[in-house]
Amino acid sequence: MSGSRLVATGHYQPARVLTNEELATMVDTSDEWIGKRVGIRERRVAAPGETVTDLAAQAAAKALAASGLDPSAIDLLLVATCTQTERAPNVASRVAARLGVPAAALMDVGVSCSGFTHALALADHTIRAGAATRALVVGADMMTAVTDWTDRTTCVLTGDGAGAAVVAAAPEPEIGPVVWGSAPELGTAVRIEGTPTRFSQDGQTVYRWATTRLPEIARLACERGGVAPEDLAAVVLHQANLRIIEPIAQKLGAVNAIVARDVVESGNTSAASVPLALSKLLERGEVERGAPVLLFGFGGNLSYAGMVVRCP
């Protein structure tokens with residue numbers, strides 16, 4: 001085999017919807033202010049007792065069922081997350097146990113918002129190297145668990161969710177070469193730290209970096225994937241903030257592409273955002289089988305990873 005391909009996707013979001021109007025009763029904000037600043041209308045919040053593993057397992061189970069594969073066929077399971085509270089067993093191990101995956105290599109990938117696209121690249125590379133044949137790749141985060149609900153600059157952003165994809169060996173590569181990297185000198189612009197653990201950021205630093213540096217990197221991912229931006233069927237960027245997503249997509253020049261705007265109804269779900277948005281696009285039938293889509297994660301650590309994939 002000379003490459004890998006996406007076989008199926010799945011996603012999961014908690015039932016609880018937190019609207020801007022309800023949020024305005026908790027902190028000094030308004031639906032109008034949130035809409036203008038970040039473009040979010042509502043977000044999902046995990047139920048009491050619900051964990052990152054619960055979210056990840058739900059999304060992974062849906063992707064696995066859609067693939068038609070038995071759990072025993074999975075030999076690599078990667079979970080991208082930055083909000084897990086347990087160190088061992090890791091989330092990947094807990095998901096494997098839930099799904100009945102018997103003997104896969106199990107790893108958590110901690111690259112925050114770009115975690116899923118990093119994990120997808122790792123799965124692709126592992127399959128290309130012959131060390132695995134079928135992988136389950138998950139992005140899952142409970143950002144509301146690390147949210148300071150008194151800080152109106154960050155609490156308006158966060159949401160909970162998970163997305164997953166099954167990846168398998170293919171005779172021709174359908175997952176393009178990854179373009180990845182970071183700006184570690186700016187890494188402290190996004191933080192999840194402290195006691196209790198809380199999310200905070202320097203929003204202006206993130207905005208300037210994302211809107212000035214990332215469009216050219218996204219174009220490079222298209223170039224390496226052999227697809228011109230104007231030929232993309234869809235662009236799925238990290239769902240950080242609508243005011244970041246739209247300038248990047250515009251500067252990229254993907255004039256004919258659907259631009260995922262799941263952030264409007266899901267908020268910023270960190271490592272879950274790219275697979276969550278992709279799975280919804282596919283579920284709604286908005287992108288055809290084989291169509292080229294740019295997946296591009298960016299954010300925490302000021303890291304990024306992007307690639308062109310063909311839709312399952």
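The figures here come from the full heavy-atom set of this structure, side chains too, leaving out hydrogens, waters and symmetry mates.
Between Arg134 and Ala168, the closest heavy-atom pair is CG-CB, 4.1 Å. Summarising the geometry of Glu21 relative to Asp31, their closest heavy-atom pair is OE2-CG, 3.6 Å, with the distance given to 0.1 Å. Listed here is the closest heavy atom pair of Val52 and Ala140: CG1-O, 3.9 Å. Considering all non-hydrogen atoms of both residues, Leu76 and Met107 come closest at CD1-CE, 3.6 Å. The heavy-atom pair separating Ser72 from Asp70 by the smallest distance is OG-OD2, 2.6 Å. Nearest heavy-atom pair across Pro292 and Asp231 is CG-O, 3.5 Å.
The aromatic rings of Tyr304 and Trp209 sit tilted relative to each other, their planes meeting at an angle between 30° and 60°.
To the nearest 0.5 angstrom, Ser266 atom OG is 8.0 Å from Gln239 atom CD. Atom OG1 in Thr188 sits 7.5 Å away from atom CG in Leu186 (nearest 0.5 Å). The CG atom of Leu78 lies 7.0 Å from the OG1 atom of Thr126; values are rounded to the nearest 0.5 Å.
Within 6.0 Å of the CD atom in Glu22, the count of heavy atoms belonging to other residues, nucleotides or ligands exceeds 12. By the 6.0 Å contact criterion, CD on Glu32 is open, its count of non-hydrogen atoms from other residues, nucleotides or ligands being 12 or less. Atom CZ of Arg198 has more than 12 neighbouring heavy atoms from other residues, nucleotides or ligands inside a 6.0 Å radius. Within 6.0 Å of CD in Glu216 there are more than 12 heavy atoms belonging to other residues, nucleotides or ligands.
A side-chain contact (heavy atoms from CB on, under 4.5 Å) with Phe296 is found for exactly one of Val179, Ile245, Ile217, namely Ile217. Trp149 pairs with exactly one of Val27, Thr154, Thr144 by the side-chain contact (heavy atoms from CB on, under 4.5 Å) rule, that one being Thr144.
A salt bridge links Arg289 with Glu174: the distance from a Lys NZ or Arg NE/NH1/NH2 to an Asp or Glu carboxylate oxygen falls below 4.0 Å. Using a cut-off of 4.0 Å between Lys/Arg side-chain N and Asp/Glu carboxylate O, Asp54 and Arg98 are scored as salt-bridged.
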Walk me through whether Ser93 and Asn90 qualify under side chain to side chain contact (heavy atoms under 4.5 Å, CB included). CA-CA 5 Å; Ser93 175; Asn90 61 14; 3.1 Å; yes
Please determine whether side chain to side chain contact (heavy atoms under 4.5 Å, CB included) holds for the pair Asn268 and Asn241, giving the CA-CA distance in whole Å, both sets of side-chain angles, and the decisive distance to 0.1 Å. CA-CA 7 Å; Asn268 182 338; Asn241 177 331; over 6 Å; no
Kindly indicate, with the supporting measurements, whether the criterion side-chain hydrogen bond (donor to acceptor under 3.5 Å, both in side chains) is fulfilled by Asn301 and Ser182. CA-CA 7 Å; Asn301 318 291; Ser182 63; over 6 Å; no
Check against side chain to side chain contact (heavy atoms under 4.5 Å, CB included), Val17 and Arg44: CA-CA 5 Å; Val17 177; Arg44 299 295 183 95; 3.4 Å; yes
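Val227 places a side-chain heavy atom less than 4.5 Å from the side chain of Arg310.
Put simply, Leu242 and Ile258 are part of two different groups of oily side chains (I, L, V, M, F, W, Y) that touch within less than 4.5 Å, one to the next. Leu77 and Val109 fall into different hydrophobic clusters, where Ile, Leu, Val, Met, Phe, Trp and Tyr are joined by side-chain heavy atoms under 4.5 Å apart, directly or via other members.
With hydrogens and angles left out, the side-chain atoms of Asp141 and Thr269 include no donor and acceptor closer than 3.5 Å.
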